[in-house]
Amino acid sequence: MKLSARLSAIAGASALVLGAFAGAVPANAAPGTAAAVTPPDISVTNVKQHLADLQTIATNNGGNRAHGRTGYKASIDFVKAKLDAAGYTTTLQQFTYNGSTGYNLIADWPGGDPNQVVMSGSHLDSVSSGPGINDNGSGSAAILETALAVSRAQFQPTKHLRFGWWGAEELGLVGSKYYVNNLPATERSKISGYLNFDMIGSPNPGYFVYDDDPTIEQTFKTYFTGLGIPTEIETEGDGRSDHAPFKNVGIPVGGLFTGADYTKTAAQAQKWGGTAGQAFDRCYHSSCDTTANINDTALDRNADAIAYAIWNLSSGTTPPPGKVFENTADVSVPDNGAAVTSSVTVSGITGNAPSSLSVGVNIVHTYIGDLVVDLIAPDGSVYNLHNRSGGSADNINQTYTVNASSEVANGVWKLRVQDKAAIDTGYINSFKLTFP
Ligand code: TRP
Ligand code: ZN
Ligand code: CA
């Protein structure tokens, strides 16, 4: 849901907060002024699609996504593929626990100040008794969709953005402890804040904010105040999720939570709706924690709150879009075969193309040293973008700048891709021209 219209009514409260998360005051600081950054409305439809996909993964893997089970690794592969295609730098971190291999997935959004990292994380494992859709498909899917929204907006924050999906949380925060323990002290000190999301779509929801770093806490509270929704401090166990290892080494933390097996009081039902005398999540750690165990409204609000916090805490700006012409249809590139093309038709631009035409190329391929990639202007002129460099590296997801000032802008432009060596294959994922 959109809340930009309501921001001016609530701005101001957060400007006074000076927490450990210094310099991270939300940008909408002065009453009556427009927000300097506009966080996107996160699509709850998309978040729910990720949950449906995680449910399918559990169903196809013995009903769960637990540490050491095939459903966990399948969940990791699912999230990683989406992030890779969106331009993230992903790292799979392996650990061993209970005789099984566990995985954390770390995704860095290129750019931003490497000495100021805003990190968001969620555990991706379930208990073995069920598919774990609220606990914690909900947090995992919401930060995934937020990360994809960062990519779609081509968000350029001042700070560096990182996302993490943790393994084996249900066995004692094993993955997040492993990550923090293996992070050198200098790297730890670069994390300005860690935001944790574990259970944010409970079926009988409460709206709980972690009572930790004041700036992070106030950022979330400001968001919910803008929606007119009262929040409470999270009290269902401070050390019970993946923020704890970060907090223990002095990193500012915060997060959101809609409740687990505690009972909703009459006063809470009064202000939030739902059922008093019933648990926030009656299917907590059970086989019924399926896609039916989600409150869509809570999921929607919390996902939007995540984007609001990430945008504001990283204090960035979104570049003006320019005139964008994009083709997102996949075109498969035959192995060691003929060239293929993806086209866009440029119209409505007077005169020639610019001297710095932005050419967005996204090719999914397992060996980019096989590939020759050219931009072809409407009159057939060829501009080489990539000529078999990069060896065995995966994927080209890059924006090239081409001096196209001798070309008439309007007309059909093509991205031509040829795979010139056998074995590895792939496809054109998208092709985009941006005119200033
Ligand atoms: N981490 C717990 C789990 O996954 C759920 C939980 C209980 C929790 N209390 C919490 C999560 C407080 C965040 C904050 O089973
Ligand atoms: Zn959990
Ligand atoms: Ca090949």
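First listed ligand is number 1; within each ligand, the first listed atom is number 1. As the structure is a prediction and not an experimental result, all values here were calculated from the model.
- Using a 4.0 Å cutoff on heavy atoms, Asp198 counts as a contact of ligand 1.
- Close contacts between ligand 1 and His285 involve ligand atoms 3 (C), 15 (O) [criterion: under 4.0 Å to a heavy atom].
- Using modelled atom types and a 3.5 Å distance limit, the side chains of Ser241 and Asn196 yield a donor-acceptor pair.
- Although no hydrogens or angles enter the test, the distance criterion places a donor-acceptor pair under 3.5 Å between the side chain of Ser286 and the main chain of Tyr284.
- The contact set between ligand 1 and Gly237, taken as ligand atoms under 4.0 Å from a residue heavy atom, comprises 12 (C).
- Below 4.0 Å from some heavy atom of Met199 lie the following atoms of ligand 1, by number and element: 5 (C).
- Classification of the Tyr178-Phe95 ring pair by plane angle, with boundaries at 30° and 60°, yields tilted.
- Between Tyr210 and ligand 1, not a single N/O pair is under 3.5 Å apart.
- When the Zn ion (ligand 2) is compared with the N/O/S atoms of Asp198, atom OD1 turns out nearest.
- Within ligand 1, counting atoms from 1 as listed, the ones closer than 4.0 Å to a heavy atom of Glu236 are 7 (C), 9 (N), 10 (C), 12 (C).
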Between Asn182 and Gln93, does the side chain to side chain contact (heavy atoms under 4.5 Å, CB included) criterion hold? Intermediate values first, please.
CA-CA 10 Å; Asn182 286 281; Gln93 184 180 45; 4.2 Å; yes

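- Taking the six-membered ring where the residue is Trp, Phe78 and His50 present perpendicular rings, their angle passing 60° and hence far from 30°.
- Atom 8 (C) of ligand 1 has Phe257 CE1, 3.6 Å as its closest protein atom, hydrogens excluded (heavy atom only).
- Within 6.0 Å of the CZ atom in Arg388, the count of heavy atoms belonging to other residues, nucleotides or ligands exceeds 12.
- In this structure, Phe208 does not count as a contact residue of ligand 1, since none of its heavy atoms falls inside 4.0 Å of the ligand.
- Applying side-chain hydrogen bond (donor to acceptor under 3.5 Å, both in side chains) to His123 and the options Asn104, Asp242, Asp135 leaves one that passes, Asp135.
- No more than 12 heavy atoms of other residues, nucleotides or ligands lie within 6.0 Å of NZ in Lys48, so this atom counts as exposed by the packing criterion.
- Taking distance alone, with nitrogen or oxygen atoms compared against 3.5 Å, Asp135 approaches ligand 1 more closely than that limit.
- For Asp135, the N, O or S atom closest to the Zn ion (ligand 2) goes by the atom name OD1.
- Close to ligand 1: His123, with a non-hydrogen atom less than 4.0 angstrom away.
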